[in-house]
There are 2 protein chains.
Amino acid sequence: MSFFSKSCEYALRAVFYISRSTQEGKKVGVKEIAENIQSPEAFLGKILQRLSKEGIIQSAKGPNGGFFVTEENIKRPISDIVLSIDGKALLTGCGLGLKECSEDKPCPLHHYFKDIREQLKGMLDNITIDQFNNDLIKGKVMLRK
Amino acid sequence: MSFFSKSCEYALRAVFYISRSTQEGKKVGVKEIAENIQSPEAFLGKILQRLSKEGIIQSAKGPNGGFFVTEENIKRPISDIVLSIDGKALLTGCGLGLKECSEDKPCPLHHYFKDIREQLKGMLDNITIDQFNNDLIKGKVMLRK
DNA sequence: ACAATAAAAGATATCTTTGTCTTTTATTAT
DNA sequence: ATAATAAAAGACAAAGATATCTTTTATTGT
């Protein structure tokens, strides 16, 4: 159990790669993305298809086609990506799966979980794709191996 | 994606139920536990088998047998249970699955994740089974529906 | 010793996630 | 128009998580 599913990790990394490519003025194909973020190509294709359908990224078919992002796209928080792929499960419900756990009748871990969730949510909601990407470009970290 | 796997949730709930039963002076069988924590009986059996093998709980075969906990068992933190079932994945590695993410070359979310992990870890390490269970008994929350 | 009980162990089934392969559709350049 | 390109779509495969069923082993009370 990690925070995000494999699909979601691929999605996040892919969107960052696409954003960077858009900034460099070019669209990128699944193959190039997959190679650079270390993900299975066809599987990533499905994920990008979905993100594209939901308007989180854009796509163009045919020669010189590929994936890219708009100005609007990169202003969105990264929670868009996480919600689109993993849904809201991580941010809701009792951490122990207790049915009767609620604000009124909280399980002993309820408030801890609440804090943690809020931190997570804060992080995902407040960091935009753009912001993340700029930090990446600043050379603080590499996307590929 | 939730924090814990289904197995782990069952494990946590089961251990709490067993602890309570031990406090009431009785051993409990898989069937009773499963009914009371809403989990599939045979599947839970496997999980308890594992927890028992790892010394997190105790078991006795035969008539009047069942699962129970020792004084030592309930002094252990609930992280024992989580680690035993889900492993340490939740508490390690880059949240985005980035290979080159580290303290030296952190990804933009690295420090956020670090904080969240530490909070999670703190919670799991510092709350004992006993403590959790007493809070449960105080009626703050119900284990079953 | 024997019957009853309950966990341990092993085999098997189902569902979800992850991953692959093939065909179709849209776009572009010639 | 045609060929080439690249995403979209659909069908299929493999692996892991979840769940069930049957047999074995250990223990207890009679």
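First the proteins, then the strands, lettered A, B, ... as listed; each starts at 1.
- To the nearest angstrom, C1' of C/dA9 lies 16 Å from CG of B/Leu51.
- Rounded to whole Å, atom P of C/dG19 lies 16 Å from atom CD of A/Gln49.
- Taken residue by residue, residues 87-97 of chain B places no heavy atom nearer than 4.0 Å to DNA chain C.
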Which pairs would a plain distance check flag for residues 120-129 of chain A, meaning a side-chain donor or acceptor within less than 3.5 Å of a matching protein atom at least two apart in sequence or in another chain?
{"unit_1": "A/Lys121", "atom_1": "NZ", "unit_2": "A/Asp125", "atom_2": "OD2", "d": "2.9"}
{"unit_1": "A/Asp125", "atom_1": "OD1", "unit_2": "A/Ser79", "atom_2": "OG", "d": "2.8"}
{"unit_1": "A/Asn126", "atom_1": "ND2", "unit_2": "A/Gly122", "atom_2": "O", "d": "2.8"}
{"unit_1": "A/Thr128", "atom_1": "OG1", "unit_2": "A/Gln131", "atom_2": "N", "d": "3.0"}

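- Distances shown here put a side-chain N or O of B/Ser59 below 4.0 Å from the OP1 or OP2 atom of C/dA8.
- Rounded to an integer number of Å, the gap from CD of A/Gln58 to P of C/dA26 is 18 Å.
- Here B/Lys27 pairs with B/Ala60, B/Phe68 under the side chain to side chain contact (heavy atoms under 4.5 Å, CB included) rule; sequence neighbours left out.
- Across the protein-nucleic acid pair, A/Phe68 atom CZ and D/dA7 atom C1' stand 12 Å apart, rounded to whole Å.
- Between A/Lys53 and D/dA9, a side-chain N or O to OP1/OP2 separation shorter than 4.0 Å is present.
- Residues satisfying the side-chain hydrogen bond (donor to acceptor under 3.5 Å, both in side chains) criterion with A/Ser59, sequence neighbours excluded, are A/Ser52.
- One interatomic measurement links the two molecules: NZ of A/Lys27 to P of D/dA6, which rounds to 11 Å at whole-angstrom precision.
- Rounded to a whole Å, the CD atom of A/Glu32 is 16 Å from the P atom of D/dT5.
- Contact check for A/Arg13 versus B/Leu98: side-chain heavy atoms found under the 4.5 Å cut-off.
- Under the salt bridge (charged side-chain N to carboxylate O under 4.0 Å, His left out) criterion, the residue pairs touching residues 80-97 of chain B are B/Arg76-B/Asp80, with sequence neighbours excluded.
- As rounded to whole Å, 15 Å separates atom C1' of D/dA8 from atom CD of A/Glu54.
- Sequence neighbours left out, the pairs with a member in residues 51-67 of chain A that pass salt bridge (charged side-chain N to carboxylate O under 4.0 Å, His left out) are A/Arg50-A/Glu54.
- Scored by the salt bridge (Lys or Arg N to Asp or Glu O under 4.0 Å) test, A/Lys114 finds A/Glu103 as partners (sequence neighbours excluded).
- Here the side chains of B/Phe4 and B/Leu90 are in contact, with some heavy-atom distance below 4.5 Å.
- Taking B/Glu72 as the reference, nothing meets the salt bridge (Lys or Arg N to Asp or Glu O under 4.0 Å) condition, with sequence neighbours excluded.
- One atom, CZ of A/Arg50, and another, C1' of D/dG10, lie 16 Å apart when rounded to the nearest Å.
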At under 4.0 Å between heavy atoms, how does the protein contact nucleotides 15-28 of chain D? Give one character per nucleotide, 5' to 3', with B, S or -.
---BBBB---BBBB
